[in-house]
K.L.:
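If you scroll down you'll find the structure; I have some questions about it.
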2 protein chains.
Amino acid sequence: MKALQQQLDFLLQIDQLKAIYRQTTVKVDNNRQENSAEHSWHIALVAQVLQQYAEHNIDINRVTLMLLIHDIIEIDAGDLFAFAESHHHEAQEIKELAAAERLFGLLPGEQGEKMKSLWIEFEQAKTADAQFAKAMDRILPLFQNMANEGGSWVKHSIKKEQVLARNSYLTLSAPKLWQYVCEQVDLAVKNGWLIDA
Amino acid sequence: MKALQQQLDFLLQIDQLKAIYRQTTVKVDNNRQENSAEHSWHIALVAQVLQQYAEHNIDINRVTLMLLIHDIIEIDAGDLFAFAESHHHEAQEIKELAAAERLFGLLPGEQGEKMKSLWIEFEQAKTADAQFAKAMDRILPLFQNMANEGGSWVKHSIKKEQVLARNSYLTLSAPKLWQYVCEQVDLAVKNGWLIDA
């Protein structure tokens with residue numbers, strides 16, 4: 001059962017995603033930092049629950065799997081804060097591609113290739129599925145920060161325009177949610193949680 | 001947008017699953033206890049990766065969603081250790097049904113009903129989808145304990161027959177994995193990680 005051994009190796013190695021910590025915090029758990037595994041669970045359900053707002057035809061099952069695997073590359077490449085400067089993002093991309101090769105490469109040939117392709121599709125964000133998935137990944141921290149008195153926005157002095165830019169996938173992929181995000185961002189500025197710039 | 005408000009309320013309340021801790025530990029993160037949110041992410045991927053071993057026709061997308069939502073009821077009902085005595089399991093069932101009513105009831109009518117039905121299907125474990133989902137939920141701690149020198153088995157003096165009984169859904173839903181489990185359990189006894197009874 002060589003295939004099974006490879007699959008178990010992959011499934012055990014991805015346990016490490018539970019030790020990759022993000023900037024967002026879990027309010028109900030003493031505001032400890034959130035890890036990327038529980039975050040991945042959460043956004044998969046965000047996509048399931050909010051799928052009706054997708055403007056284009058999406059395959060929610062592909063979107064869900066994309067979201068479940070999209071952060072696995074952080075096991076090798078680490079998590080980069082969403083609002084880090086752009087030259088950090090470029091270096092990160094190279095690390096992430098190598099991570100995808102190694103980690104999805106643990107799986108038997110075709111299975112690993114399929115997962116890697118799905119991850120690349122997510123990263124490139126050109127298909128309707130990937131754009132909706134990206135939008136879900138990015139809207140969740142907004143919900144969390146709004147429920148947590150500004151959360152990581154306040155801690156890092158984030159500007160309104162940064163949050164709007166980060167959520168701009170919504171303009172095409174889920175316009176009703178984009179409208180909601182715009183309202184929330186205005187409210188966050190009013191509350192002093194985002195800088196008005 | 002009353003529906004959206006209800007959906008956001010649900011999505012924010014389920015954040016609490018990140019504060020429900022289980023008996024299994026995360027070896028790579030100083031052996032801290034695992035929480036039910038990251039566990040749910042992990043088993044959804046276990047099901048995706050091991051779907052080829054399903055003996056019957058399963059709908060992997062339903063299985064995945066079942067696994068993503070199956071522990072949400074712990075937010076109200078708490079997590080019960082798999083090997084707790086049976087009268088604890090009976091009391092737990094009543095608490096869990098009330099939790100399902102409240103939590104899935106946060107969602108707009110039809111959406112909440114669909115999720116609740118899916119959770120009930122998982123609990124009743126009569127369909128091929130639910131039996132495969134249950135089997136995946138139960139096989140993961142075995143992988144984790146085998147990779148962690150017996151983990152929660154050692155800590156709680158668990159017997160071989162308890163682990164076999166807990167994994168018995170595999171006999172019908174994934175016989176090849178059942179064979180693997182039997183081999184691993186024998187190895188665990190040999191290593192002194194499970195009691196030979």
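Only this structure's heavy atoms are used, side chains among them; waters, hydrogens and symmetry mates stay out. Predicted model only: the values in this text are computed from it and were never measured. Below, chain A is the first sequence line, B the second, and so on; all start at residue 1.
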K.L.:
Under 4.5 Å, counting heavy-atom pairs only, tell me which of B/L17, B/I69, B/T64, B/L140 racks up the most with chain A.
P.N.:
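Top option by heavy-atom pairs under 4.5 Å: B/L17.
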K.L.:
Would you say A/L65 ends up clustered with B/L118 if hydrophobic residues are merged whenever their side chains have heavy atoms under 4.5 Å apart, either directly or through other cluster members?
P.N.:
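Same hydrophobic cluster.
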K.L.:
So if you build clusters from Ile, Leu, Val, Met, Phe, Trp, Tyr with side-chain heavy-atom gaps below 4.5 Å, do B/I195 and B/L142 land together?
P.N.:
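Not linked; separate clusters.
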K.L.:
Is it the backbone or the side chain of A/I72 that comes under 4.5 Å from a heavy atom of chain B, or both, or neither?
P.N.:
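Answer is side chain: those atoms of A/I72 sit under 4.5 Å from chain B.
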K.L.:
Under 4.5 Å from any heavy atom of chain A, what part of B/Q111 do you find: side chain, backbone, both or neither?
P.N.:
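Answer is side chain: those atoms of B/Q111 sit under 4.5 Å from chain A.
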K.L.:
Any idea which of A/N30, A/L107, A/N35 has the most non-hydrogen atom pairs under 4.5 angstrom with chain B?
P.N.:
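Top count of heavy-atom pairs under 4.5 Å with chain B: A/N35.
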K.L.:
Counting only N and O atoms by type, is there a donor-acceptor contact under 3.5 Å from the side chain of B/H42 to the main-chain atoms of A/A37?
P.N.:
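Such a contact is absent between B/H42 side chain and A/A37 backbone.
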K.L.:
Considering only heavy atoms, which portion of B/I139 lies under 4.5 Å from any heavy atom of chain A: side chain, backbone, both, or neither?
P.N.:
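Looking at B/I139, nothing touches chain A.
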K.L.:
Among A/M115, A/K27, A/Q7, which has the most heavy-atom pairs under 4.5 Å with chain B?
P.N.:
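Of the candidates given, the most pairs with chain B belong to A/Q7.
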K.L.:
Just give me the residue among B/A44, B/S40, B/P108 that pairs up with chain A most often, heavy atom to heavy atom, under 4.5 Å.
P.N.:
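Most heavy-atom pairs under 4.5 Å with chain A: B/S40.
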K.L.:
Between A/Q5 and chain B, which part of the residue has a heavy atom less than 4.5 Å away: side chain, backbone, both or neither?
P.N.:
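Just the side chain, heavy atoms under 4.5 Å.
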K.L.:
Counting only heavy atoms not in B/E85, do more than 12 sit closer than 6.0 Å to its CD atom?
P.N.:
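At most 12 heavy atoms, drawn from other residues, nucleotides or ligands, come within 6.0 Å of this atom.
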K.L.:
What part of B/L68 gets within 4.5 angstrom of chain A, counting heavy atoms only: side chain, backbone, both, or neither?
P.N.:
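Both parts, backbone and side chain.
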K.L.:
Would a 4.5 Å heavy-atom cut-off, applied to side chains only, mark A/D29 and B/Y21 as touching?
P.N.:
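A/D29 vs B/Y21: side chains touch.
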K.L.:
If Ile, Leu, Val, Met, Phe, Trp and Tyr residues are connected whenever their side-chain heavy atoms lie under 4.5 Å apart, and connections chain through other members, are A/L80 and A/Y169 in the same group?
P.N.:
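Different clusters: A/L80 never reaches A/Y169 through Ile, Leu, Val, Met, Phe, Trp or Tyr contacts under 4.5 Å.
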K.L.:
Going only through I, L, V, M, F, W and Y residues with side-chain contacts under 4.5 Å, is there a path from A/I158 to A/L187?
P.N.:
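Result: yes, single cluster for both.
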K.L.:
Please determine whether the number of non-hydrogen atoms from other residues, nucleotides or ligands lying under 6.0 Å from atom CD of B/E149 exceeds 12.
P.N.:
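Incorrect, the count does not exceed 12.
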K.L.:
Say whether A/I120 and A/I75 are linked into one hydrophobic cluster, either directly or through other cluster members, by side-chain heavy-atom distances under 4.5 angstrom.
P.N.:
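Yes, because A/I120 and A/I75 connect within a single hydrophobic cluster, where side-chain heavy atoms sit under 4.5 Å apart.
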K.L.:
Of all of B/V46, B/V28, B/N61, B/V49, which one pairs up most often with chain A through heavy atoms under 4.5 Å apart?
P.N.:
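Top count of heavy-atom pairs under 4.5 Å with chain A: B/V49.
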K.L.:
Minimum heavy-atom separation for B/I14 and A/W41, please, with both atom names.
P.N.:
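So the minimum-distance heavy-atom pair works out to O-CH2, 3.3 Å.
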K.L.:
Just give me the residue among B/L12, B/V26, B/L50, B/L4 that pairs up with chain A most often, heavy atom to heavy atom, under 4.5 Å.
P.N.:
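Winner by heavy-atom pair count: B/L4.
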K.L.:
Of the listed residues (A/R32, A/Q144, A/K176, A/H39), which shares the most heavy-atom pairs with chain B below a 4.5 Å separation?
P.N.:
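Looking at each option in turn, the highest pair count goes to A/R32.
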K.L.:
What's the spacing between B/L8 CG and A/L177 CG if we round to 0.5 Å?
P.N.:
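That separation rounds to 8.0 Å.
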